[in-house]
A.B. asks: 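Sharing a structure below in structure tokens format, with a few things to ask.
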Amino acid sequence: MSGYAIVLASRELSRVQAVSTIASVAAASDVPVQIFATMDGLLPFQTETVESGDFDVGPVGAKMLEADGAEMPLFYEQFAQAKAIGDIELYACEMAMDLLETDLDDYVDVFDDTLGVSGFLNRARDKQVVFV
């Protein structure tokens, strides 16, 4: 195994935040990570959602939103920071984007590209796959 491939299918803020934290720690540890945002996992990345702060939150997510940004950067900021220091690739699911009638311009600028499931699994073939 050479790194992790994370399939992010949840829109829940605490899960998306957990994926960004795991990816950031992996990047800082020189462990390659590929993230595939699919189904509802794409929704938190929409620019409109980020700008409005209208995330799907539970108790932990609510506390994250109340925290000072310096204490807890939100997932999209954390992904951007991690990409600057390590080997992280983020992909948006083409099928989900087709269903939502969106393109990469509708999302915050953290994605490297779009991929289908087979393209992602092909890239992830030598990695441990984790589903969130």
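Worth saying up front: this structure is predicted, and the values here are computed from it rather than measured. Note that these values count all heavy atoms, side chains included, but never hydrogens, waters or copies made by symmetry.
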A.B. asks: Without placing hydrogens or testing angles, list every side-chain donor-acceptor pair under 3.5 Å for residues 30-41, not counting sequence neighbours.
C.D. replies:
from	atom 1	to	atom 2	distance (Å)
Gln34	NE2	Glu89	OE1	2.9

A.B. asks: Can you name the closest pair of heavy atoms from Cys93 and Leu42 and give their distance?
C.D. replies: O-CD1, 4.0 Å
A.B. asks: Under the side-chain contact (heavy atoms from CB on, under 4.5 Å) rule, what do Leu43 and Thr49 come out as? Steps first, then yes or no, please.
C.D. replies: CA-CA 7 Å; Leu43 300 175; Thr49 301; 5.6 Å; no
A.B. asks: Could you check whether any side-chain heavy atom of Met97 comes within less than 4.5 Å of a side-chain heavy atom of Thr102, counting everything from C-beta outward?
C.D. replies: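 Met97 vs Thr102: side chains touch.
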A.B. asks: Between Ile88 and Ser24, which heavy-atom pair has the shortest distance, and what is it?
C.D. replies: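 Answer, listing the atom of Ile88 first, then Ser24: CD1-N, 4.3 Å.
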A.B. asks: Can Val7 be reached from Tyr91 by stepping across I, L, V, M, F, W or Y side chains whose heavy atoms are under 4.5 Å apart?
C.D. replies: yes
A.B. asks: Is Phe55 reachable from Met64 through a run of hydrophobic residues whose side-chain heavy atoms are each under 4.5 Å from the next?
C.D. replies: yes
A.B. asks: How many angstroms lie between atom OH of Tyr4 and atom CD of Gln128, to the nearest 0.5 angstrom?
C.D. replies: 7.0 Å
A.B. asks: Grab the two heavy atoms, one from Val16 and one from Pro44, that are nearest each other, plus how far apart they are.
C.D. replies: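 Closest approach of Val16 to Pro44, heavy atoms only: CG2-CG, 3.9 Å.
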A.B. asks: Over all heavy atoms of both residues, which pair between Val110 and Ala80 is shortest? Give the atoms and the distance, please.
C.D. replies: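 Looks like CG1-N, 4.5 Å.
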A.B. asks: For Asp112, check salt bridge (charged side-chain N to carboxylate O under 4.0 Å, His left out) against everything at least two apart and list the hits.
C.D. replies: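 With sequence neighbours excluded, Asp112 shows a salt bridge (charged side-chain N to carboxylate O under 4.0 Å, His left out) to Lys83, given in chain and number order.
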A.B. asks: Checking Tyr76 now: which residues fulfil ring-ring contact (aromatic ring centres under 6.0 Å, His included) with it, not counting sequence neighbours?
C.D. replies: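 Listed in chain order: nothing, the list is empty.
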A.B. asks: Are Val130 and Leu90 co-members of a hydrophobic cluster defined by side-chain heavy atoms under 4.5 Å apart?
C.D. replies: yes
A.B. asks: With distance as the sole test, does Arg123 use its side chain to make a donor-acceptor pair with the main-chain N or O of Phe120 at under 3.5 Å?
C.D. replies: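 A pair under 3.5 Å: no.
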A.B. asks: Roughly how far, to the nearest 0.5 Å, is CD1 of Ile6 from NZ of Lys127?
C.D. replies: 11.5 Å
A.B. asks: So, taking the atom named OG in Ser29 and the one named CG in Asp87, what distance separates them when rounded to the nearest 0.5 Å?
C.D. replies: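 Ser29 OG to Asp87 CG: 12.5 Å, rounded to 0.5 Å.
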A.B. asks: Do you know the tightest heavy-atom contact between Thr47 and Asp105?
C.D. replies: OG1-O, 4.3 Å
A.B. asks: Taking the side chain as C-beta and beyond, is there a heavy-atom pair between Leu65 and Leu13 under 4.5 Å?
C.D. replies: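 Result yes, sub-4.5 Å side-chain heavy-atom pair found.
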A.B. asks: In chain order, what residues pass the side chain to side chain donor-acceptor pair (under 3.5 Å) check against Gln17, with sequence neighbours excluded?
C.D. replies: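 Applying side chain to side chain donor-acceptor pair (under 3.5 Å) to Gln17 gives Gln78.
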A.B. asks: Are Met95 and Phe131 linked, directly or through other ILVMFWY residues, by side chains that come within less than 4.5 angstrom of each other?
C.D. replies: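 No: no chain of side-chain contacts under 4.5 Å links Met95 to Phe131.
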A.B. asks: Of the non-hydrogen atoms in Gly61 and Ser14, which two are nearest, and what is the gap between them?
C.D. replies: N-CB, 4.4 Å
A.B. asks: Keeping Glu51 on the side-chain end and Glu48 on the backbone end, is there a donor-acceptor pair under 3.5 Å?
C.D. replies: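 Checking the backbone N and O of Glu48 against the side chain of Glu51, no donor-acceptor pair under 3.5 Å is found.
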A.B. asks: Return yes when atom CG of Asp109 has more than 12 non-hydrogen atoms of other residues, nucleotides or ligands closer than 6.0 Å, and no otherwise.
C.D. replies: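 No, CG of Asp109 has 12 or fewer neighbouring heavy atoms, counting only those of other groups under 6.0 Å.
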A.B. asks: Among residues at least two apart in sequence or on other chains, which ones pass salt bridge (charged side-chain N to carboxylate O under 4.0 Å, His left out) with Glu94?
C.D. replies: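 Per chain and number, Glu94 pairs via salt bridge (charged side-chain N to carboxylate O under 4.0 Å, His left out) with no residue.
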A.B. asks: Could you verify whether a donor N or O on one side chain and an acceptor N or O on the other, from Ser10 and Glu12, lie under 3.5 Å apart?
C.D. replies: no
A.B. asks: Run the side-chain contact (heavy atoms from CB on, under 4.5 Å) check on Val50 and Tyr107 step by step: do they pass?
C.D. replies: CA-CA 9 Å; Val50 169; Tyr107 298 91; over 6 Å; no
A.B. asks: Drop me the distance from Phe75's CZ to Glu77's CD, to the nearest 0.5 angstrom.
C.D. replies: 9.0 Å
A.B. asks: Cluster question for you: counting only ILVMFWY and a side-chain heavy-atom cut-off of under 4.5 Å, with indirect links fine, are Leu115 and Leu8 together?
C.D. replies: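 Unlinked, Leu115 and Leu8 end up in two clusters.
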A.B. asks: According to salt bridge (charged side-chain N to carboxylate O under 4.0 Å, His left out), who are the partners of Glu66, at least two apart in sequence or on a separate chain?
C.D. replies: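 For Glu66 the salt bridge (charged side-chain N to carboxylate O under 4.0 Å, His left out) partners, ignoring immediate neighbours, are Lys63.
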